[in-house]
Amino acid sequence: MSIEKAQIPGGPMSGLVASAVEYMIDAGQRSVLFLDIMRRRGDQYREHVAQTAPHVLQYSAELIMDGRKLDDPVNYALVRIIPPANVEIDMNRRPFVVIDPRAGHGPGIGGFKADSEIGVAMKAGHPCYFIGFLPDPMPGQTIERIARAEAIFIEEVIERHPDADGKPCVIGNCQAGWALMILASLRPELFGPLIIAGAPLAYWAGVHGKYPMRYSGGLLGGSWLTALTSDLGAGKFDGAWLVQNFENQNPSNTLWTKQYNVYSKVDTEADRYLEFERWWGGHVNLNAEEIQFIVDELFVGNNLAAGKIEMSDGQRVDLRSIRSPIVVFCSKGDNITPPQQALDWILDCYADVDEIRAYGQTIVYTVHESIGHLGIFVSGGIAKKEHAEFSGNIDLIDVLPPGLYEATFEAKGKETASSDLVVGQWVMRCEARTLDDIRAMGGNSPEDERRFATAKRVSEINLKAYQKFLQPWIKGMVTPKMAEWAHNMHPLRLQYELFSSRNPYMATVKSLAEKAEEERKPVAADNPFLAFQEQISKQIVHALDSWRDSQEALSEAIFLSVYGSPALQAAVGIDPASAPSQRREMTAEHRVMLERRIAELKSRIGEGGLREAALRALLYVGSARGMVDERSIEALRQVRRDHAGARMTLPEFKMLVREQFFMLLLDRAAALAAIPRMLPDDVNLRRGAFEAIEKVLSASEDVTGERAKRLRQVAGLFGLDISEPSETASNVAPFDPRAKAS
């Protein structure tokens with residue numbers, strides 16, 4: 001019966017044959033076009049690496065400082081981003097500085113798209129600067145030298161904006177995040193808010209069954225392999241190995257999905273793919289001293305949060321010394337820097353939120369549900385939401401009272417109250433959190449901490465053995481020519497070179513691709529063979545993911561078993577019965593300083609006038625909600641704008657907020673009792689101030705519950721009866737924040 005149908009013109013079999021022919025033509029054309037895209041990628045790679053200063057910035061830039069010309073030269077540079085013609089910059093707004101990660105790739109990822117960290121900051125009116133780097137480090141360059149150079153760059157930015165409303169907001173992506181935190185702890189006076197995106201700061205942290213990259217150092221025997229790789233590179237570490245580590249985390253994407261996506265959408269994906277590959281293939285080098293510091297002190301040693309990193313002048317890196325607000329942006333979908341590695345440094349540095357406040361620190365974090373590591377910096381959706389909100393509300397973050405907050409975002413809609421006070425398309429809130437909220441994300445047990453401490457000791461032992469017995473021999477054997485050959489033969493570089501036009505066979509591909517372009521016949525979307533192709537692709541992805549999962553489970557089991565051995569722990573000097581902790585105690589010096597500051601603030605509780613009293617009252621009522629909404633801050637801005645003659649600088653306002661907040665925290669009863677004595681006799685001035693407080697509090701929602709109760713209490717302190725309707729504006733003197741009690 002089926003044979004008869006096959007012989008009937010227009011029957012089911014003939015339709016299947018037609019679909020097969022259609023698919024074969026399309027598949028053949030796609031294959032040729034895909035190979036030509038690979039050729040273009042190879043040629044693009046060669047052009048990119050041939051440049052003296054390759055980057056992928058989408059904006060024009062003006063060189064401000066060349067780090068190679070400093071007294072201690074580095075391969076870093078500071079550039080000013082020239083805004084596009086349709087973007088208006090307010091030179092009185094605080095500048096933004098983006099520091100790009102030097103993690104194997106070249107610079108530019110923070111300005112990779114119009115909807116990027118740089119793009120959204122300029123859209124918000126901020127002048128923007130970018131700190132990037134050249135492919136090869138300067139002789140003798142170290143991580144400390146880079147930090148000192150970046151401090152000089154930040155000083156230059158500050159000098160260029162003497163009238164800015166705050167110190168620069170600096171963004172550190174990935175590896176640049178921990179570098180920025182180190183610098184901000186050494187030179188806290190230079191910085192406004194810090195935005196740390198996808199940056200590891202607690203390197204041992206994580207949960208079982210996820211994020212196995214943290215086991216890599218232990219499974220390889222520690223950092224001796226890093227030293228060997230640098231020695232084989234004649235003193236330079238090839239950043240392509242760091243990129244290879246990243247690729248190995250997701251073999252289905254590396255080996256199949258990335259290429260298949262181009263092949264299956266060959267008519268539309270070429271430009272996007274080539275744009276990304278231009279950055280992805282721009283591998284850079286690090287000096288041996290740089291990468292050894294990174295691995296020993298950070299990845300394996302986990303010394304950053306523990307305060308065990310010491311500079312050449314004896315100064316210790318203490319993250320608690322940072323005085324600027326810290327915004328930590330991470331994602332559950334990030335397998336390179338999971339939330340635990342981005343946030344658990346807070347648990348290592350502070351006992352509770354009160355201790356965070358005791359250091360005058362403001363920490364804001366937000367956790368995305370699904371975005372991957374690279375998406376944190378380059379995803380247009382992320383830039384339009386989180387980064388745009390951070391840029392638009394950076395002053396809100398800067399004046400937050402000390403403590404721990406989580407930034408949450410709600411889409412602005414027709415039902416959004418006071419939508420005219422919302423800067424962008426999302427309503428940003430900073431909600432008060434405790435350390436238990438971070439602990440709830442999961443973390444290491446004491447047994448896990450012992451395992452990582454053991455791996456650290458093993459790494460130190462192996463590194464010393466390598467340096468004593470093998471390193472002199474390796475260094476003597478490797479010549480610059482051998483190092484260059486190994487550099488060029490790295491598999492990641494070969495994949496670009498082999499498909500470039502240097503391969504004579506690719507000339508045939510180019511001519512075939514031109515012909516395929518002319519005769520292109522895409523297959524119909526409902527072609528059954530296309531559906532079969534998609535099914536095969538899904539099976540390949542599933543197989544590779546299953547293989548990855550099994551390998552990750554095996555690596556975790558090996559790490560936990562080997563480094564959990566009591567015998568090995570005892571052999572390297574770790575007590576198998578101990579409960580190691582990274583958490584640090586407050587220093588005696590800081591405790592003495594804190595006690596002096598507390599005594600000073602308590603002695604000044606009764607000082608001030610209407611401005612101080614109104615802000616104290618606002619903080620008292622607002623704290624009952626446990627969050628700060630951007631609409632309330634915008635309403636407060638409007639109050640300040642309406643009384644331009646009374647304008648304070650942002651740093652002055654920030655200091656005022658902190659002082660009033662701490663006075664309430666130290667002795668609420670005394671702070672509230674002092675308010676009537678701080679107020680002027682003029683009832684109109686008091687009523688005007690109270691109405692301004694009401695306006696700010698009701699900007700985001702009605703004042704109800706505990707806030708309403710406290711507002712009535714404040715009304716009594718102001719000598720007002722709020723059961724009566726407010727007087728009209730014409731009968732009320734304007735609220736003057738400078739006003740003092742006579």
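This structure is a prediction, so every number in the text was calculated from the model and none was measured.
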Are any of the side-chain nitrogens in E189 or K167 under 4.0 Å away from the carboxylate oxygens of its partner? no
Can any side-chain N or O of D352 pair as donor or acceptor with the backbone N or O of E355 at less than 3.5 Å? yes
Does the side chain of V170 reach to within under 4.5 Å of the side chain of I195, using non-hydrogen atoms? no
In the structure I gave you, are the side-chain heavy atoms of M181 and L194 within less than 4.5 Å of one another anywhere? yes
What do the steps show when you test E652 against T649 for side chain to side chain donor-acceptor pair (under 3.5 Å), and what is the final call? CA-CA 5 Å; E652 290 171 341; T649 66; 3.3 Å; yes
Pair V367, L343 - check side-chain contact (heavy atoms from CB on, under 4.5 Å), show working. CA-CA 10 Å; V367 182; L343 294 171; 4.2 Å; yes
Does the plane of the ring in H126 sit parallel, tilted or perpendicular to the ring in F96? Use 30° and 60° as the thresholds. tilted
Is there side-chain contact between Y365 and I326, with heavy atoms separated by less than 4.5 Å? no
Would you please test E290 and Q141 for side chain to side chain donor-acceptor pair (under 3.5 Å) and show each step? CA-CA 7 Å; E290 294 179 277; Q141 180 174 302; 3.1 Å; yes
Look at E706 together with R710 and state whether they make a salt bridge at an N to O cut-off of under 4.0 Å. yes
So that I know where these two stand, are F559 and F452 an aromatic pair - ring centroids less than 6.0 Å apart? yes
Check: H368 ring centroid to F409 ring centroid under 6.0 Å: no
From the list I196, V98, I131, side-chain contact (heavy atoms from CB on, under 4.5 Å) with I171 holds only for V98
Tell me, with the steps shown, if E460 and K464 meet salt bridge (Lys or Arg N to Asp or Glu O under 4.0 Å). CA-CA 6 Å; E460 293 167 350; K464 288 179 180 177; over 6 Å; no
Please step through side-chain contact (heavy atoms from CB on, under 4.5 Å) for the pair W204 and R214, ending with a clear verdict. CA-CA 6 Å; W204 295 353; R214 64 192 179 125; 5.5 Å; no
Sub-4.5 Å side-chain heavy-atom contact between Y211 and P339: yes
Is any NZ, NE, NH1 or NH2 atom of the basic residue among R187 and E155 found under 4.0 Å from an Asp or Glu carboxylate oxygen of the other? yes
Got a donor-acceptor contact below 3.5 angstrom from the T587 side chain to the H590 backbone? yes
Run the side-chain contact (heavy atoms from CB on, under 4.5 Å) test on L560 and D448 for me, step by step, so that the C-alpha distance in whole Å, both residues' side-chain angles and the decisive distance to 0.1 Å come before the verdict. CA-CA 8 Å; L560 297 179; D448 291 329; 3.9 Å; yes
Report the C-alpha separation of I397 and M428 in whole Å, then their side-chain angles, then the decisive distance to 0.1 Å, and conclude whether the side-chain contact (heavy atoms from CB on, under 4.5 Å) test is met. CA-CA 10 Å; I397 293 169; M428 176 177 164; 3.7 Å; yes
Do R148 and E144 meet the salt-bridge criterion of a basic N to acidic O distance under 4.0 Å? yes
Can any side-chain N or O of S459 pair as donor or acceptor with the backbone N or O of G222 at less than 3.5 Å? no
Can you check whether E156 reaches Y129 side chain to side chain, under 4.5 Å on heavy atoms? no
Pair Y620-Q713, side chain to side chain donor-acceptor pair (under 3.5 Å): steps then yes or no: CA-CA 10 Å; Y620 170 63; Q713 182 183 357; 2.6 Å; yes
Strictly below 4.0 Å, N to O, side chains only: are R616 and E612 in salt-bridge contact? no
With a 3.5 Å distance limit and no angle check, can you tell me whether T366 reaches the backbone of A407 through a side-chain donor-acceptor pair? yes
Using side-chain heavy atoms (C-beta onward) and a distance below 4.5 Å, is S185 in contact with D318? no
Do E431 and R433 meet the salt-bridge criterion of a basic N to acidic O distance under 4.0 Å? yes
Is E600 atom CD crowded by more than 12 heavy atoms from other residues, nucleotides or ligands, each under 6.0 Å away? yes
Exactly one of D344, T337, L304, V300 should register a side-chain contact (heavy atoms from CB on, under 4.5 Å) with Y203. Which one does? L304
Taking the side chain as every heavy atom from C-beta outward, state whether P338 and K332 have any atom pair closer than 4.5 Å. no
Are any non-hydrogen side-chain atoms of L435 and I356 less than 4.5 angstrom apart? yes
One thing to verify: whether D395 and R94 come together as a salt bridge, which I'm taking to mean a side-chain N less than 4.0 angstrom from a carboxylate O. yes
Going by an N to O cut-off under 4.0 Å, is there a salt bridge joining K654 and D398? yes
Neighbour count >12 (heavy atoms, 6.0 Å) for atom CE, M593: yes
Is the side chain of S632 donor-acceptor paired with the backbone N or O of V696 at a distance under 3.5 Å, no angle test? yes
Between E389 and R429, is the closest basic N to carboxylate O distance under 4.0 Å? no
